[in-house]
Structures are given as structure tokens and as C-alpha cells.
S.K.: 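Would you mind keeping the following structure in view while I ask a few things?
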Number of protein chains: 2
Amino acid sequence: MTREIKKPEIRKNEIINAARKFFYQKGYEQTSIQDIINDLGIAKGTFYHYFTSKIDLLDKLTDQTTNEIYVSLKPIVESDMNAIDKFNAIFKAASTMKMANIDVFVVIIKVLFKDENTIIREKMYRNSIKKTTPLYSTIIKQGIAEGVFDVQSPDDVAEILIQIGTNLNETICRLFLAERKDPDHLVRTMVNKLKIYQDTIERILAAPKGSIQFYIPGEYENMVREFYKKIKEDV
Amino acid sequence: MTREIKKPEIRKNEIINAARKFFYQKGYEQTSIQDIINDLGIAKGTFYHYFTSKIDLLDKLTDQTTNEIYVSLKPIVESDMNAIDKFNAIFKAASTMKMANIDVFVVIIKVLFKDENTIIREKMYRNSIKKTTPLYSTIIKQGIAEGVFDVQSPDDVAEILIQIGTNLNETICRLFLAERKDPDHLVRTMVNKLKIYQDTIERILAAPKGSIQFYIPGEYENMVREFYKKIKEDV
DNA sequence: TAAGATAGACCGACCGTCGGTCTAAGGAGA
DNA sequence: TCTCCTTAGACCGACGGTCGGTCTATCTTA
């Protein structure tokens with residue numbers, strides 16, 4: 001076979017990107033290394049020259065992904081907003097990002113939330129705790145200084161908040177994936193869940209009632225309806 | 001080979017129990033079906049007569065396990081204690097159960113918290129949410145009636161509490177597994193974590209400050225030290 | 001500047017293991 | 001004896017991973 005030599009960094013990224021494509025479309029277990037190397041036209045040996053194992057590849061992939069999230073969050077944390085606005089801005093940013101890439105996201109969550117892909121979600125989750133806890137901790141400290149939050153241990157609470165945020169995200173995704181005939185009912189449960197989580201987070205932070213505003217009336221319902229449509233569309 | 005015929009229920013349970021033994025000692029991926037059938041002295045065909053796949057076996061196993069937890073929780077919920085005492089009793093029961101089977105538990109968490117076994121934890125977690133949410137919901141409603149809790153949606157909050165409880169459990173297990181030279185430091189971080197979680201749960205339930213008492217001074221420290229010793233002992 | 005040497009990117013045949021399938025046959029009850 | 005459920009284990013294809021070896025860009029040295 002023709003032999004093409006590339007800069008190691010390039011090759012490595014090519015492999016990671018191909019892996020991302022397959023993992024998000026077929027899942028981790030369902031993707032074979034053969035899939036990846038066929039797609040790139042490289043040999044088995046080349047793959048194992050760059051990665052020690054299949055799980056090593058997943059590690060590198062999730063590292064990279066979590067890092068992208070970190071980079072997108074950082075400017076918000078470093079902006080001159082007040083603590084409460086920063087929290088709300090982060091949620092808002094996550095929503096708009098998903099809406100902007102809605103087609104991709106629909107495919108991804110359909111695959112990601114299958115049993116066999118628990119490991120991808122778990123790795124992402126563990127990684128983001130490690131990476132983003134300091135960011136949330138910073139906001140919490142700021143909020144304490146501003147007199148709007150009241151917690152004892154910002155670091156620990158930051159971790160708990162990420163846990164809860166992840167749970168919220170999972171709950172929402174699973175609601176989307178659940179079989180539903182009635183979009184109106186879905187919208188209602190969705191809004192309820194979101195309000196409960198808002199309230200929970202406010203309580204944990206001892207933030208003023210109504211300050212955490214993930215739910216924006218009208219806007220959120222539209223988002224839910226659009227997602228619902230997309231999810232029902234394909235297969 | 002001599003052919004032994006058993007009641008289907010017996011066979012099925014034998015297989016599940018053998019699976020439990022291996023899964024808890026080697027993990028899910030690391031246990032082959034061959035391991036299980038060798039151990040029982042049965043053939044591949046027999047296994048696939050009772051289970052459709054390896055993951056089906058795990059499903060049945062986690063179902064059974066979650067059910068055992070449910071059965072152990074139910075009497076507490078149905079007792080005549082007040083809501084706060086019930087919450088504390090559940091935590092207490094979980095602790096004493098672990099202490100009673102400490103040797104088994106040490107082995108289990110060492111294996112369960114490896115990356116490759118995420119799927120077992122996840123299945124247990126999803127199952128217990130499905131199974132035990134009503135139990136917690138009942139306690140929350142009782143607490144509201146007693147005027148000690150204040151939440152809007154008991155069902156949703158119950159789910160969030162289980163999530164947080166699971167996170168607490170995971171955090172604690174991971175602290176044990178983390179490399180530590182200094183047990184005193186471990187005890188201190190552990191107690192801190194527990195207090196933070198207590199406080200968080202109180203806030204979510206709007207329960208009186210200090211009512212949730214997972215941490216029992218003296219007693220808890222001893223437990224931690226004993227666990228620490230056991231964990232460091234083997235390998 | 002040209003020849004030789006080195007590093008490391010790349011190749012693909014090969015291996016052991018594993019989950020799962022299939023067919024034959026034993027055994028219990030009719 | 002017939003029949004149906006249970007048990008048996010040979011067999012299969014796919015997969016993750018290894019390994020011996022090749023090829024090429026760059027560096028060294030005369």
C-alpha cells in the first residue's frame with residue numbers, strides 16, 4: 001500500500017477525530033479499531049504506534065473534549081458579570097451551543113445514552129469534574145463575596161453542583177429519548193424538572209429565590225419543541 | 001459428561017450467583033462466560049438457554065440486587081419513626097450493613113470502581129432510582145406533613161436525593177481507594193465531605209439545621225479507620 | 001555535498017480470546 | 001414409545017492486541 005508519512009500530531013488528531021465520528025455515531029463498543037483504520041486508510045500497527053489500547057484512545061478523546069468545554073467556559077467565569085449572572089450564562093451558553101449544532105447533538109445523545117456507552121459518559125463526567133470544579137468554585141466564592149451565596153466549602157459545593165448539573169442534563173436527555181406521543185406533556189414535565197433543579201441549586205447555594213434562571217419562559221418551550229421534532233424525525 | 005437436570009429456577013439462580021461472585025471479584029468485562037460455566041460445570045448451551053446474552057445476565061443480577069436493597073429499606077419506611085429519623089436510619093442501616101460484611105465490601109468496591117465496570121454501577125444506580133424513588137418520596141411527604149420538610153415536588157426531589165446519595169457514596173469510596181499515607185487526614189476529609197452532604201440535603205429539604213445526622217462523632221471516625229485498615233491490607 | 005547511520009512512522013499477517021450459534025442427544029413425563 | 005424441555009460442546013466470526021520488519025526524513029561525518 002502507498003505509504004503516507006505525516007507529522008505525528010496530525011496523525012494523532014486524525015485518529016482522534018475519526019474515533020469521535022464513529023463513537024458518536026455507533027458507540028464505543030460497537031466501533032472496532034478496524035473501522036477507524038479502514039476509514040483513515042492506515043494500518044493496525046500505525047494505530048498502536050499512537051495509542052496503547054482502545055481505551056487509551058477514548059481517554060485522549062474525552063480529555064480533548066473536556067478541554068474544549070473548559071475553554072468555552074473560562075471567558076464567562078473571567079468576565080465582569082456578577083456571580084448569579086455567570087451561573088445563568090453558563091447554562092445559556094450550553095443551551096445555545098446545543099441548538100446551534102442540533103442535528104449533531106440529536107445523533108450523539110441517541111447513541112451516548114445507550115447502556116453500552118455508559119463508559120463514555122462516565123469518562124466525560126469524571127473529566128469535567130476534575131477540569132471545571134475550580135471554575136465553579138471561583139464563581140461561588142465571588143457570590144459569597146457579593147453576599148448572594150452562603151456556603152461553607154466552595155470546592156465541595158462546586159463538585160456537588162457539577163454532579164447535579166450532570167444529573168439535570170441526563171434527566172433532560174432521557175426525557176427526550178423516552179417514547180412520547182404528546183409533545184405538550186413533554187414540554188410541561190421538562191419545564192417542571194428544570195424549575196425543581198433551579199430551586200434545588202438556589203437552596204444549596206442559599207441564593208435569593210428566583211435568582212437562578214435556567215428557565216426562560218417562551219424561549220425554553222420553543223427549544224424543547226424543536227428538539228422533540230428533530231428527535232422524532234430520524235429513525 | 002454426566003448430565004444433571006435441575007429445576008430451572010435453581011439453575012438460573014446458580015448462574016446468577018456464580019456471576020455475582022466473578023463480577024465482584026474480577027469485574028464484568030474481565031469475567032468471561034467461560035469462567036462462569038467452568039465454575040458451575042455446565043456447558044455454553046445451558047447458559048444461553050437461560051440468558052439471551054451476557055448483558056442480560058448483568059441485568060438480571062442487578063435487578064435482583066436492587067430488589068434486595070428495596071426489601072431491606074422497606075421496613076424502615078413503613079416503621080412508625082418520624083421522617084427525619086427514617087432518613088438517618090437508612091444511612092445508618094447502609095453503614096452497618098457494610099461494616100458487617102466489610103471484607104466482602106472491600107473487595108467489591110476495589111473492583112467496582114474501575115473504569116471497565118462503570119456499567120455495573122450505572123445499572124445498579126438506574127435500577128435503584130426506579131425501585132426506591134417511591135420509598136424516599138413517601139418519607140418526604142411524611143416530613144412535609146410533620147412540618148419538618150418543605151419541598152414542592154416530592155417525587156422529583158426524591159430522585160435528586162438518590163442522585164446525591166449515590167454521589168456521596170461514590171465520593172466516599174473513591175476517597176478510600178485514593179492513595180493515602182495519612183489515615184488522620186483521610187478521616188478529616190471524610191468527615192468534612194459527610195458534613196457538607198448533610199448540610200446540602202438539609203437545604204434541599206428545607207429541614208431544620210442539624211436534623212440530618214449521618215455523621216455520628218466518634219463512631220464514624222472508627223468506621224473510617226477500620227475500612228482504611230482493611231483496604232490497605234490486601235494487595 | 002554526498003554517503004552512511006539513526007529514529008521513528010508505518011505496515012499487515014498473525015494470534016488468542018470471547019460472545020454467541022447450532023445441532024445432537026439425554027432424560028422425564030405422557 | 002413419543003415428545004418436549006434441558007443440557008452438551010463443537011464451532012464460528014469478530015475483535016483487540018502483538019510483532020517482525022520496511023520505508024523515509026533527517027542528522028552526522030568525512
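Everything quoted here is computed from the prediction, not taken from an experiment. Every chain is numbered from 1, with letters handed out A, B, ... down the list of sequences.
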S.K.: Against the six-membered ring of Y28(A), is K54(A) placed for a cation-pi contact (under 6.0 Å from the centre, within 45° of the normal)?
M.R.: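 Yes, K54(A) and Y28(A) form such a contact.
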S.K.: Below 4.0 angstrom from OP1 or OP2 of dA9(C), is there any side-chain N or O of H49(A)?
M.R.: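 So the side-chain polar atoms of H49(A) do come within 4.0 Å of the phosphate oxygens OP1 or OP2 of dA9(C), strictly under.
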S.K.: Which nucleotide in the list dG17(D), dG19(C), dG9(D) gets nearest to the side chain of A43(B)?
M.R.: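 Of dG17(D), dG19(C), dG9(D), dG9(D) is nearest to the side chain of A43(B).
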S.K.: Could you state the CD1-C1' distance from I42(B) to dT7(D), rounded to the nearest angstrom?
M.R.: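 Taking CD1 of I42(B) and C1' of dT7(D), I get 9 Å after rounding.
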S.K.: Could you check how far NZ of K44(A) sits from P of dG17(D), rounded to whole Å?
M.R.: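 Spelled out: NZ on K44(A) to P on dG17(D) is 9 Å.
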S.K.: Charged N to carboxylate O below 4.0 Å: is that the case for E29(B) and K114(B)?
M.R.: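 K114(B) and E29(B): not salt-bridged.
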S.K.: Could you tell me whether R174(A) and E159(B) have a side-chain N and a carboxylate O separated by less than 4.0 Å?
M.R.: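 Salt bridge absent between R174(A) and E159(B).
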S.K.: For F214(A) together with Y197(A), are the ring centres under 6.0 Å from each other?
M.R.: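 No, they do not, as the ring centres are separated by 6.0 Å or more.
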S.K.: Distance check needed: dC15(D) P versus I55(A) CD1, whole Å only.
M.R.: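 Atom CD1 in I55(A) sits about 17 Å away from atom P in dC15(D).
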S.K.: Which is true for T52(B) with a 4.0 Å heavy-atom rule: it touches a base, it touches only sugar-phosphate, or it touches nothing?
M.R.: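 Nothing, no heavy atom under 4.0 Å.
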S.K.: Using a cut-off of strictly less than 4.0 Å, decide whether T46(A) has a side-chain nitrogen or oxygen near OP1 or OP2 of dC11(C).
M.R.: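 The answer is yes; a side-chain N or O of T46(A) sits under 4.0 Å from OP1 or OP2.
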S.K.: Whole angstroms only, please: what is the CG-C1' distance between L40(A) and dC10(C)?
M.R.: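 To the nearest whole Å, that distance equals 13 Å.
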S.K.: dC10(C) phosphate, OP1 or OP2: any side-chain N/O from Y50(A) under 4.0 angstrom?
M.R.: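 Checking Y50(A) against dC10(C): at least one side-chain N or O falls below 4.0 Å of OP1 or OP2.
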S.K.: Got a donor-acceptor pair under 3.5 Å from the side chain of K54(A) to the base of dG17(D)?
M.R.: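 No.
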S.K.: Before accepting this row, confirm whether a basic side-chain N of the pair D56(B)/K60(B) lies closer than 4.0 Å to the acidic partner's carboxylate O.
M.R.: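 Yes, D56(B) and K60(B) are salt-bridged.
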S.K.: Roughly how many Å is it from CD1 in I36(A) to C1' in dG16(D), rounded to a whole number?
M.R.: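 After rounding, the reported distance stands at 12 Å.
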S.K.: May I have the distance from F47(A) (atom CZ) to dC15(D) (atom P), rounded to whole angstrom?
M.R.: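 Answer to the nearest Å: 14 Å.
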S.K.: Would you mind telling me which residue lines up with the more 5' stretch of DNA chain D, G45(A) or D35(A), judged by nearest nucleotide?
M.R.: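 The answer here is D35(A).
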S.K.: To the nearest Å, give me how far apart CD (Q30(B)) and C1' (dG16(D)) are.
M.R.: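 The answer, rounded to whole Å, is 13 Å.
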S.K.: Measure the distance from CZ on F22(A) to P on dG16(D) and round it to the nearest whole Å.
M.R.: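 Whole-Å distance recorded here is 12 Å.
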S.K.: Does a side-chain N or O from R11(A) land closer than 4.0 Å to OP1 or OP2 of dA9(C), or not?
M.R.: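 For R11(A), the contact criterion (side-chain N or O under 4.0 Å from OP1 or OP2 of dA9(C)) is not met.
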